[in-house]
Amino acid sequence: MNSFHYILLSTSIALLAIFVSLPLLRLPNNNHFFFSWRPTIADLVLSNGVIYTSDDSLPFADSMAVRNGRILRVGNYSHVKELVGYGTKELNLMGKIVVPGFIDSHVHLIPGGLQMSQVELHGVNERDEFVRRVKGAVRNSKPGSWILGGGWNNDLWGGALPMTSWVDDVTPQNPVWLSRMDGHMGFANSLALKLAGVTNSSEDPKGGTIMRTSTGEPTGLLVDSAMQIMLPCIPEVSVDERREALLKASNFAVTRGVTTVVDMGRYYPGTSVEFSWQDFSDVYQWADASGKMRIRVCLFFPLEIWSRLHDIINKVGHAMSQWIYLGGAKAFADGSLGSSSALFYEPYVEEPENYGLQVSDYESLINMTLAADNYGLQVAIHAIGDKANDLILDMYDSVLTINGMRDRRFRIEHAQHLAHGASDRFGKLKIVASVQPDHLLDDVESIEKKLGLDRAQKESYLFQTLLNSKAQLAFGSDWPVADINPLRSIRTAMKRIPPNSHDSWIPMECVSLDDALKAYTISAARACFLDKDLGSLTPGKLADFVILSTDSWDDFAAEGYASVEATYVGGVQAYP
């Protein structure tokens, strides 16, 4: 080699060494050059665990890497460790189970937060305790102020419904309004009835009932649409109270491992359709803009205002941010079993004249559904009784025929009691069954009395039958109707063991742990079009996950027992 070639080779090697040593090259406009020699570094790496992904392409892993709020890599530690670098936080799971963040498919988030500051009647199993709690609230209130709250379940104290005489003596100067746990019946004292103008001569509104004694006296109970008589009298909840309720509810949700909710809003039969819109603009947008959102929300709005929802989706899209997703529109077909207003083909056993209530006009309902669906909105309709479910299945079938086939993911909320063949139609029509396992625990004391043994056992809470029919099952709580507690709901779906019993109720409808977890994760995400970002621990998705207390998958799969040890939202620890 002559000297010239030697010098040229030496110079080339030196330039190459300088080039390789540069940490990052930048172009004049400060954009990164088309490649970099610096490897990707994770913000967080979890290792030495049992990571259940809800992703069938890789059901389990022992390690996971997170960067910028999203999942970077999932697998064994040798596959993940190269992403550990300066600034990476490493978390040794010590064998604990990790699952995707739970998605509660049906809640009323702000009402739940408000109820946390009101008279709490969940679990009350004696009339005297009911009265005592009302009396305690009066003692802490000014004369003239409303006593508000709810959560009562008359089945827990033998079935007798409350009457004005129970509380009138302890509430002479305070109007009372206490909603039943299902939100389809409310109880008022005599002062509240007087303020609302309810008398012996008051007529039942369409889709509702004013309950009366044998002599025609109002008992204080208003069912479904009849509640609208009372609600205008109750003082408006302030913006600050609703904002505080959102923060309380969100903080509570993460303690239970819930990272996303499908929020059906402050919308029940008899309430204003404006409440949900007001909460969206005054509460959710405020919380998002001020950095106070702690969980993700998919919002549903009353079907009556579908065009307003369509207009805003047209302007901003479905995803307003990583926290707020504009879902679809919701309506009601019937009432509830507990209030004896769920719509059935056959009457209630103890009320041979009562078949339940159809709370919405069918023609109006199908016309609104056709219009909303034609503009691409997802529709969810509350149906509990067997006739109500068939009514909505028929309606959805008609809409499919008229508007044509597409991926619409129609939902039926609750789907509690299904006539023969209805489960197969859920699968055939690709209808989401959005169900709440813990309602089974609340209903089981009275369901056979109301429907009779044969009807109760053939058509109630058919979780496995729906899965066998290829229906999409999404689990939720209906909080504050039932507690927001996915792990308890999962065990309920697996075991179906009523309170004060050791035996499963309709054991053939028990589901596996795998199916129950999916109904609270990936299936719940698909049920509201969020499965591209949520529902499984898949690279690219948002890093929402829960660390459980147990380190034995076999024990968890067999018994369903676990508690939440930590909750992460976007890779950031939200609880504890």
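Note that the coordinates shown come from a computational prediction; the quantities given were computed from them, not determined experimentally.
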Partner set under side-chain contact (heavy atoms from CB on, under 4.5 Å) for [X], not counting sequence neighbours:
{"X": "S549", "result": "A562, S563, E565"}
{"X": "D424", "result": "S469"}
{"X": "V444", "result": "P498, P499, W505"}
{"X": "A574", "result": "V254, R294, V569"}

With [X] via side chain to side chain donor-acceptor pair (under 3.5 Å) - residues at least two apart:
{"X": "H414", "result": "H382, Q436"}
{"X": "T521", "result": "S54"}
{"X": "S57", "result": "D55"}
{"X": "S340", "result": "E351, K450"}

Let me check something: any side-chain donor-acceptor pairs from residues 525-534 under 3.5 Å, sequence neighbours excluded? List them with distances.
{"unit_1": "D531", "atom_1": "OD1", "unit_2": "R409", "atom_2": "NH1", "d": "3.2"}
{"unit_1": "D533", "atom_1": "OD1", "unit_2": "R70", "atom_2": "NH1", "d": "2.9"}
{"unit_1": "D533", "atom_1": "OD1", "unit_2": "R70", "atom_2": "NH2", "d": "3.3"}

Could you list the donor-acceptor pairs under 3.5 angstrom formed between side-chain atoms of residues 305-319 and any protein atom two or more places apart in sequence or on another chain?
{"unit_1": "R308", "atom_1": "NH1", "unit_2": "E274", "atom_2": "OE1", "d": "3.1"}
{"unit_1": "R308", "atom_1": "NH2", "unit_2": "E274", "atom_2": "OE2", "d": "2.9"}
{"unit_1": "H318", "atom_1": "ND1", "unit_2": "L326", "atom_2": "O", "d": "2.7"}

Selection residues 254-269 - residue pairs positive for salt bridge (Lys or Arg N to Asp or Glu O under 4.0 Å), sequence neighbours left out: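 Only R256-D483, R266-D279 qualify under salt bridge (Lys or Arg N to Asp or Glu O under 4.0 Å).
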List the residues meeting salt bridge (charged side-chain N to carboxylate O under 4.0 Å, His left out) with D514, not counting sequence neighbours, and say none if there are none.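 Here the qualifying residues are K518.
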